[in-house]
Amino acid sequence: MGRIHNIEGRKNKQDSKRAAVFTKYARLITVAVKEGGPDPEYNASLKTAIEKAKAMNMPNDNIERALKKGTGAGDSENFESIVYEGYGPGGVAMIIETLTDNKNRTAGNVRYYLDKNGGNLGTSGCVSFMFDRKGIILIKKSDDISEDSLMEVALEAGAEDFLSEEDGFEIYTDPSSVYEVKDAIQAKGYDILSAEVSMIPQTYTAVEGSAVKQLEKLLDMLDDDDDIQEVYTNQQV
């Protein structure tokens, strides 16, 4: 199992609680508009938020409402981006990105989720040095795809690295160019499973025994919290 399997598993879980997922992405879009303006061509954060929402089949009406909310002068909600770092069960490193209108509530919840599942909240910077921020594009393997041809297309489009794994291809880019590379690959007729900016571990930690179920439970609890946008780990898969 690899990154493709994890992405598909995450999407299947999110499909079962679509309304909560839409709430998270609507918040992400609204905050991105407030911070960088309503044009995704000049606002990379907004472009990323819209791409994520569309990948989860969020209706265009929901996206439009979130965009309008971001430009509304009368909107009293003020969300703050806060990143938490720490360790989960089995010593796995974790980065937890949040958008919250109540940082005390969010900090308390994150600490509770970690403590309850064999982890602990750390200080800022305690694990982020173990990750690199990269754009990543995933494509499932199929008999119709030539690895050499896809690699050539990806590298010509500006990709930095290309990996062939058991279940698919992983294409890495500079964070600022992930969607340009994605569009170029799609223009050549390839189907993209996902494209996003992510925190990629430099090294991985194997999680074994009872810690595996603990980590799954922790990730589910984090995923269910509306304040939490993304969770990155260096779990070996």
Side-chain angles (χ1 to χ4, degrees), residues 1-7 9-10 24 28 31-32 35-36 44-45 47-49 51-52 79-100 103-104 106-138 154 158-163 165 169-179 181-182 194-209 211-212 214-223 225 227-237:
M1 294 187 298
R3 197 177 296 275
I4 297 277
H5 175 85
N6 278 0
I7 287 286
R10 186 180 72 184
K24 288 191 179 191
L28 192 62
V31 171
E35 293 181 347
S45 295
K47 184 163 186 157
T48 298
E51 290 275 354
K52 286 182 176 180
F79 291 102
E80 183 178 0
S81 175
I82 303 175
V83 179
Y84 299 94
E85 301 179 33
Y87 290 92
V92 64
M94 304 187 72
I95 297 176
I96 301 165
E97 296 181 350
T98 72
L99 281 177
T100 178
K103 60 183 180 182
N104 291 330
T106 305
N109 286 347
V110 170
R111 187 183 301 277
Y112 170 75
Y113 302 147
L114 288 167
D115 289 347
K116 186 175 177 64
N117 293 286
N120 62 280
L121 187 62
T123 57
S124 178
C126 70
V127 302
S128 57
F129 70 93
M130 301 163 62
F131 294 76
D132 294 316
R133 194 167 190 84
K134 293 284 185 183
I136 179 168
I137 300 164
L138 301 180
E160 295 180 345
D161 200 3
F162 181 99
L163 297 179
E165 300 292 350
F169 303 102
E170 300 179 5
I171 299 165
Y172 293 90
T173 75
D174 182 270
S176 64
S177 61
V178 60
Y179 295 114
V181 176
K182 173 205 161 198
S194 72
E196 61 183 355
V197 176
S198 184
M199 298 296 287
I200 308 299
Q202 297 169 1
T203 59
Y204 291 85
T205 297
V207 182
E208 300 173 340
V212 174
Q214 274 190 308
L215 181 57
E216 288 177 356
K217 184 179 178 183
L218 170 59
L219 293 174
D220 282 342
M221 293 177 75
L222 291 167
D223 194 44
D225 191 310
D227 293 341
I228 295 170
Q229 290 290 327
E230 294 287 348
V231 179
Y232 305 105
T233 80
N234 70 340
Q235 179 189 12
Q236 183 175 306
V237 295

field: Interatomic spacing from NZ in Lys134 to CG in Asp161 - rounded to 0.5 Å
entry: 8.5 Å
query: With a 4.5 Å limit on heavy-atom distance, are the side chains of Val207 and Thr233 in contact?
result: no
- line: Taken in chain and number order and not counting sequence neighbours, the residues that satisfy side-chain contact (heavy atoms from CB on, under 4.5 Å) with Val197 are Arg133, Pro175, Val178
field: Min side-chain heavy-atom separation Tyr113-Asp225 under 4.5 Å
entry: yes
field: Closest contact, heavy atoms only, Ser45 versus Ala32
entry: C-CB, 4.0 Å
statement: The reported gap from CD in Glu230 to CG in Leu99 (rounded to nearest 0.5 angstrom) is 10.5 Å
- prompt: Is any side-chain heavy atom of Phe79 less than 4.5 Å from a side-chain heavy atom of Asp227?
  reply: no
- prompt: Between Val231 and Asp223, does a side chain to side chain contact (heavy atoms under 4.5 Å, CB included) hold up when you go through it step by step?
  reply: CA-CA 8 Å; Val231 179; Asp223 194 44; over 6 Å; no
Contact check, side chains of Leu218 and Pro89, non-hydrogen atoms, under 4.5 Å: yes
task: Find the distance between OH (Tyr84) and CG (Leu222) and round it off to the nearest 0.5 Å.
output: 12.0 Å
field: Candidate pair Leu215 and Asn117, rule side chain to side chain contact (heavy atoms under 4.5 Å, CB included), full reasoning
entry: CA-CA 7 Å; Leu215 181 57; Asn117 293 286; over 6 Å; no
message: Just verifying a value: how many Å separate Thr98 OG1 and Lys24 NZ, rounded to the nearest 0.5 Å?
response: 10.5 Å
field: Residue of the set Glu85, Met199, Gln202 for which side-chain contact (heavy atoms from CB on, under 4.5 Å) holds with Phe131
entry: Met199
field: Exercise: identify the closest heavy-atom pair between Met130 and Ala93
entry: CE-CB, 3.9 Å
query: When rounded to the nearest 0.5 angstrom, what is the spacing between CD1 in Ile228 and CG in Asn109?
result: 7.0 Å
field: With Tyr112 via side chain to side chain donor-acceptor pair (under 3.5 Å) - residues at least two apart
entry: none
query: Going through the distances and angles, do Val181 and Ile137 end up as a side chain to side chain contact (heavy atoms under 4.5 Å, CB included)?
result: CA-CA 9 Å; Val181 176; Ile137 300 164; 3.7 Å; yes
- prompt: Does Met94 reach the side chain of Leu114, with side-chain heavy atoms less than 4.5 Å apart?
  reply: yes
- prompt: Closest approach of Gly86 and Val127, non-hydrogen atoms and distance?
  reply: O-CG1, 3.7 Å
- prompt: Measuring from Gln236:CD to Glu208:CD, what's the distance to the nearest 0.5 Å?
  reply: 8.5 Å
query: Which atoms form the tightest heavy-atom contact between Ala211 and Gly90, and what is the distance?
result: CB-N, 3.9 Å
task: Show the numbers, then the answer: is there a side chain to side chain contact (heavy atoms under 4.5 Å, CB included) between Ile136 and Glu196?
output: CA-CA 6 Å; Ile136 179 168; Glu196 61 183 355; 4.2 Å; yes
